[in-house]
Amino acid sequence: MAAKRRFQTVKGMRDLLLDEARRFAMVEQIARDAFRLYGFEELRTPLVEDTDLFVRGVGEGSEIVGKQMYTFDDKKGRSLTLRPEGTAPVARAYLQHDMASWPQPVKVFYMGPYFRYERPQAGRYRQFHQIGAEVIGDPGPYSDAELLAMLLRFLSKLLFDDLEVGLNSVGDPECRQRYCQRLREYLEPRRGELGADSQRRLETNPLRILDTKVPEERKLLEGAPRLRDSLGRAAREHFAVVCEQLERLGIAYRVDDRLVRGLDYYTRTVFEISSARLGAQNAILGGGRYDGLIGELGGPAVPGIGFAIGQDRLVELLSGGLTLVVPPVCVIPVGSHCREDALQLAEELRDAEVMAVAELASPRALKAALRKADRGGYDWIVLVGEDERAAGTAVLKSLYSGLQEAIPREGFAAAVKARMEPHE
RNA sequence: GUGGAUGUAGCUCAACCGGUAGAGCGCUUGAUUGUGGUUCAAGUGGUUGGGGGUUCAAGUCCCCUCAUCCACCCCA
């Protein structure tokens with residue numbers, strides 16, 4: 001009955017083709033290089049974790065845990081979850097491998113797919129990709145600044161220089177509690193002016209009201225108490241040092257009082273970079289400090305800070321049309337019985353590090369093969385037919401000049417390489 | 001989870017007021033012997049996303065469903 005239906009990617013997930021796949025790989029390469037420059041090591045964690053890790057790590061009240069997790073039971077009835085974010089698994093690995101016994105702080109980066117069950121839209125997928133890094137074991141503000149410096153160095157390698165860092169401090173849990181109290185007192189009398197979502201958040205998570213998009217609510221918040229006025233002395237000093245160091249490093253940033261993050265574990269420093277070129281889902285990266293997370297997961301009170309870059313969105317900023325990259329050389333047999341010569345020659349070229357494609361499929365007229373090579377965008381073709389085989393040669397032809405030359409099979413690849421040089 | 005838009009060939013899109021589905025691009029082949037680009041010709045292409053209904057007749061109207069896109073929400 002459903003026999004006619006063709007298979008396709010499941011909702012919110014996609015294939016990465018051609019240019020897009022190359023851009024993903026390029027971004028990963030640049031990230032690895034940039035992060036290693038700072039002494040970060042790669043950490044690869046499983047795609048699946050114990051559901052409870054996220055419930056406790058990310059927070060029961062968060063949207064992610066509440067509605068967006070891909071959770072299932074395995075055959076033994078264990079509740080497992082496709083990882084929706086990267087920090088909790090890293091924290092788990094830190095504890096599991098007793099990294100507290102390593103030289104501190106532990107600095108790691110990671111990249112890969114993450115999963116959230118949400119309604120897809122521009123820049124939002126159910127399988128998306130993040131590149132992240134974490135510094136675990138240093139409470140100090142200097143690490144905060146260094147992490148931002150690394151982030152901006154990475155982004156500048158991708159030729160983004162017009163991006164601005166939004167920075168804020170959400171303080172320690174006590175500061176936040178104090179502030180939420182004040183915010184409630186301010187908003188409660190004006191409750192009617194808030195939308196349904198914000199009214200609900202008044203109970204669950206008043207901080208989240210700060211980053212509302214509703215114009216009337218934003219207006220209302222202009223007269224609200226400021227988060228920074230509720231910060232305790234330690235948090236305030238920490239934030240001041242972060243700002244000062246960023247200035248010394250020449251990093252432009254904007255303190256954004258309304259910047260709060262969605263995950264429950266953040267403390268003190270939080271930051272975000274977004275792009276106006278991206279539509280509604282415009283955050284390309286977010287991060288912050290999480291001094292309570294490791295403790296929450298049953299470990300010692302070890303502080304941490306990290307970020308996650310939305311790789312899909314980053315690549316979107318780099319995107320143009322899709323193109324096929326074609327090697328410079330196409331080896332064409334003249335007549336199907338010369339296919340073994342073509343195969344042989346192509347391998348010799350590759351031995352010499354010359355990218356080459358051999359036309360090994362069922363035989364076609366030479367004319368058609370040439371047309372195909374030309375349309376395909378090859379710079380050079382190599383021809384082998386009966387005559388060449390008999391003479392112990394192969395023909396190298398430039399599709400630019402149209403000139404061609406019979407080259408002895410002996411030392412063929414080196415000779416081809418030498419003739420290609422002037423074109424590069 | 002809520003709302004809006006859109007589904008026709010591999011891709012981009014046509015098809016009037018309901019009347020038996022088209023173009024361009026692509027791909028394949030050919031235009032005399034083993035030589036490309038331009039050109040010309042031919043070929044390949046579709047259960048009009050799927051299902052139901054109205055009608056003599058549905059790509060077109062109605063209902064359901066699925067998918068995609070966009071926004072809310074949330075975040076990367």
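On a predicted model such as this, the values are computed, not experimentally measured, just so you know. Here is the naming used below: chain letters follow the sequence lines, and residue numbers restart at 1 for every chain.
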Modelled atom types, side-chain donor and acceptor of A:Glu296 and A:Tyr290, under 3.5 Å: no

Choosing from B:rU35, B:rC72, B:rU29, which nucleotide comes nearest the side chain of A:Lys397? B:rU35

A:Gln121, nearest nucleotide to its side chain (from B:rC74, B:rC72, B:rG36): B:rC72

Rounded to whole Å, how long is the line connecting atom CD of A:Gln8 with atom P of B:rG7? 17 Å

Expressed as a whole number of angstroms, how long is the span from A:Arg371:CZ to B:rA42:C1'? 12 Å

Taking everything shown except A:Glu188 itself, do over 12 heavy atoms lie less than 6.0 Å from its CD? yes

Which of parallel (below 30°), tilted (30 to 60°) and perpendicular (above 60°) describes A:Phe154 and A:Phe35? tilted

For A:Tyr117, look at atom OH and say whether over 12 heavy atoms of other residues, nucleotides or ligands are found less than 6.0 Å away. no

Using atom names, set out every protein N or O paired with an N or O of nucleotides 1-3 of chain B below 3.5 Å, distance rounded to 0.1 Å.
residue, atom, partner, partner atom, Å
B:rU2, O4, A:Arg119, NH1, 2.6
B:rG3, O6, A:Arg119, NH2, 3.4

Enumerate the residues from residues 9-16 of chain A whose closest heavy atom to RNA chain B is under 4.0 Å, giving them by residue number; use none for an empty result. A:Lys11, A:Gly12

Among B:rG30, B:rG36, B:rA71, the nucleotide that comes nearest once only the side chain of A:Ala122 is considered: B:rA71

Of the candidate nucleotides B:rU35, B:rA76, B:rG30, which contains the atom at the shortest distance from the side chain of A:Leu366? B:rU35

Ring-on-base stacking between A:Tyr114 and B:rA76, under 5.5 Å between centres and under 30° between planes: is it there? no

